[in-house]
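Just below is one structure, and these are the notes that go with it.
Note that these values count all heavy atoms, side chains included, but never hydrogens, waters or copies made by symmetry.
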Amino acid sequence: MGADSSLFGGVLARGEVAAAVADDAWLTAMLQVEAALAEVQAFTGLLDQDAADAIGLACASPRSFSVAAIGAAAAQSGDPVVPLVRALRAAVPEPAAQAVHRGASSQDVLDTAGMLVAARALRPLLADLRAAADLTARLAREHRETVMIGRAGLQRAAPTTFGLKAAGWLGGLDAARRRLDQVRAERLAVQFGGAAGTLAPFGDAGPDVVEGLATLLGLSEPAMPWHTERTRIADLAGALGAAAGAVAKVARDLTLLAQPEVDEVSTGSPAAVCALGCAAAAPGLVANLLAAMVHEHEQAAGAWHAEWRPLRELLVATGSAVSWLRAALEGLLVHPDVMRANLAKSGIGGDLSAAGLLVDRALDAYGMKRAAAAT
């Protein structure tokens with residue numbers, strides 16, 4: 001899946017996340033891991049610098065490697081790293097070719113590449129999520145006093161304000177963004193341990209190799225290998241699932257408010273509907289990733305493989321949902337006159353003196369959070 005040109009790609013692969021997790025993005029990330037491994041070993045005196053330079057030069061040309069050929073050959077080895085390493089060694093002159101992938105396992109390379117891919121995919125996703133939150137904050141501020149029918153169980157209830165409804169949207173979107181920011185900063189880490197997670201090929205220099213990889217790749221440095229301890233994947237999955245849920249809440253409200261018999265907002269496009277469609281895929285994908293956490297001993301028999309597709313699809317589903325919601329909010333038209341008329345027809349009254357204060361509190365909290373994030 002990538003910049004999907006398929007029949008459904010225009011709806012289900014919107015925005016920049018799909019391209020960030022495409023096959024060529026994964027290939028580039030795997031090659032970057034191999035190049036960083038060689039460079040770190042040269043820096044620590046475990047590898048000749050000329051050999052590291054030769055490996056780095058070959059890794060810098062991902063278009064020299066065939067994704068299709070590597071993918072086909074992966075069926076023989078059980079993962080795409082084995083044929084990639086074979087192709088990389090063929091592209092590097094001797095004796096440097098024998099230093100390619102030294103001391104690493106396939107899972108070391110693919111897991112670390114997956115962290116790189118996730119980190120890069122989160123950039124546009126978080127940008128869209130932040131923009132959507134900003135748009136709801138603006139709605140909350142502009143419609144602080146716009147009265148409307150409150151609805152409970154899809155039935156008319158005590159009155160509220162559209163500003164307070166938007167402030168509720170803001171709270172969910174901002175919480176989801178902050179959680180994803182935290183996961184990106186703290187939980188996307190290098191995975192490196194060798195065949196059994198002991199760093200045996202490097203002896204006492206093993207921790208230095210891990211530290212160097214983290215520095216070169218811009219990922220967190222773990223205290224120890226996590227090749228069968230998958231809470232990092234679970235944390236990422238949970239944060240993405242929560243973001244999809246926060247998006248779906250807003251999109252669902254928009255579709256209900258835009259019904260012709262309600263007509264309190266107009267969306268002008270299918271963006272909110274498409275956001276709901278993309279977000280609906282997230283819970284099942286999160287469940288798949290949680291179910292795959294059971295990794296046996298020092299290397300899993302199948303559970304690792306079970307993560308690959310749902311992780312990529314979850315990033316695309318959530319990224320697409322957020323992108324669609326941003327579009328829906330950017331094109332949103334609010335009809336305060338209809339809101340007031342619908343409330344008047346209902347004959348329901350209530351005290352709204354605290355509603356504006358709650359909006360102010362939400363906006364103040366969001367402003368302080370944004371200021372803290374910017375420092």
Side-chain angles (χ1 to χ4, degrees), residues 20 22-67 69-71 73-74 77-120 188-227 232 298-299 304:
D23 286 347
D24 57 350
W26 277 86
L27 174 62
T28 297
M30 288 190 287
L31 289 169
Q32 288 172 332
V33 175
E34 294 287 0
L37 176 60
E39 186 61 32
V40 168
Q41 290 185 68
F43 181 77
T44 55
L46 299 170
L47 181 64
D48 180 76
Q49 185 63 56
D50 289 342
D53 290 343
I55 294 169
L57 182 63
C59 290
S61 301
R63 291 185 179 180
S64 300
F65 301 87
S66 168
V67 168
I70 291 168
S77 58
D79 70 73
V81 179
V82 172
L84 174 63
V85 170
R86 189 182 305 121
L88 182 55
R89 284 176 176 153
V92 176
E94 294 291 354
Q98 297 309 308
V100 170
H101 196 66
R102 180 181 291 172
S105 70
S106 290
Q107 188 170 353
D108 289 336
V109 173
L110 197 57
D111 275 354
T112 302
M115 294 291 98
L116 283 175
V117 167
R120 291 163 184 169
L188 301 187
V190 163
Q191 156 49 37
F192 196 80
T198 63
L199 291 170
F202 304 106
D204 292 345
D208 293 333
V209 172
V210 177
E211 180 183 6
L213 282 173
T215 299
L216 281 180
L217 296 172
L219 296 172
S220 297
E221 179 189 352
M224 60 181 293
W226 51 273
H227 54 304
R232 294 179 188 276
E298 281 67 56
Q299 190 173 58
W304 176 52

**OP:** Compute whether any side-chain donor of one residue and acceptor of the other, for Asp208 and Thr44, lie under 3.5 angstrom apart.
**Re:**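 There is no such pair (donor and acceptor under 3.5 Å, judged by atom type) between the side chains of Asp208 and Thr44.
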Are any non-hydrogen side-chain atoms of [X] and [Y] less than 4.5 angstrom apart?
{"X": "Leu110", "Y": "Ser106", "value": "no"}
{"X": "Val210", "Y": "Pro222", "value": "yes"}
{"X": "Val117", "Y": "Thr28", "value": "no"}
{"X": "Glu221", "Y": "Val190", "value": "no"}
{"X": "His101", "Y": "Leu88", "value": "no"}

Any idea which heavy atoms bring [X] and [Y] closest together, and the distance?
{"X": "Leu217", "Y": "Ala36", "value": "CD2-CB, 3.8 Å"}
{"X": "Ala91", "Y": "Phe65", "value": "CB-CZ, 4.3 Å"}
{"X": "Leu27", "Y": "Ile70", "value": "CD1-CD1, 4.1 Å"}
{"X": "Leu116", "Y": "Ala29", "value": "CD1-O, 4.0 Å"}
{"X": "Ala96", "Y": "Ala54", "value": "CB-CB, 4.1 Å"}
{"X": "Gly194", "Y": "Asp108", "value": "N-OD2, 2.9 Å"}

**OP:** Go through Val85 and Val109 one step at a time and tell me if the side chain to side chain contact (heavy atoms under 4.5 Å, CB included) criterion holds.
**Re:** CA-CA 10 Å; Val85 170; Val109 173; 5.9 Å; no
**OP:** Output all residues satisfying salt bridge (charged side-chain N to carboxylate O under 4.0 Å, His left out) with Asp111, sequence neighbours left out; order by chain, then residue number.
**Re:**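 Result, salt bridge (charged side-chain N to carboxylate O under 4.0 Å, His left out) vs Asp111: Arg230.
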Spatial distance of atom [atom1] ([X]) from atom [atom2] ([Y]) [nearest 0.5 Å]:
{"X": "Thr112", "Y": "Gln32", "atom1": "OG1", "atom2": "CD", "result": "12.0 Å"}
{"X": "Glu298", "Y": "Gln107", "atom1": "CD", "atom2": "CD", "result": "11.5 Å"}
{"X": "Leu213", "Y": "Leu219", "atom1": "CG", "atom2": "CG", "result": "9.0 Å"}
{"X": "Asp204", "Y": "Leu199", "atom1": "CG", "atom2": "CG", "result": "11.0 Å"}

**OP:** Could you give me the CA-CA distance, side-chain angles and deciding distance for Arg102 and Leu47, then say whether side chain to side chain contact (heavy atoms under 4.5 Å, CB included) is met?
**Re:** CA-CA 9 Å; Arg102 180 181 291 172; Leu47 181 64; 3.7 Å; yes
Treating [X] as the side-chain partner and [Y] as the backbone partner, does any N or O pair qualify as donor plus acceptor under 3.5 Å?
{"X": "Asp53", "Y": "Asp50", "answer": "no"}
{"X": "Ser77", "Y": "Asp79", "answer": "yes"}
{"X": "Gln191", "Y": "His227", "answer": "yes"}

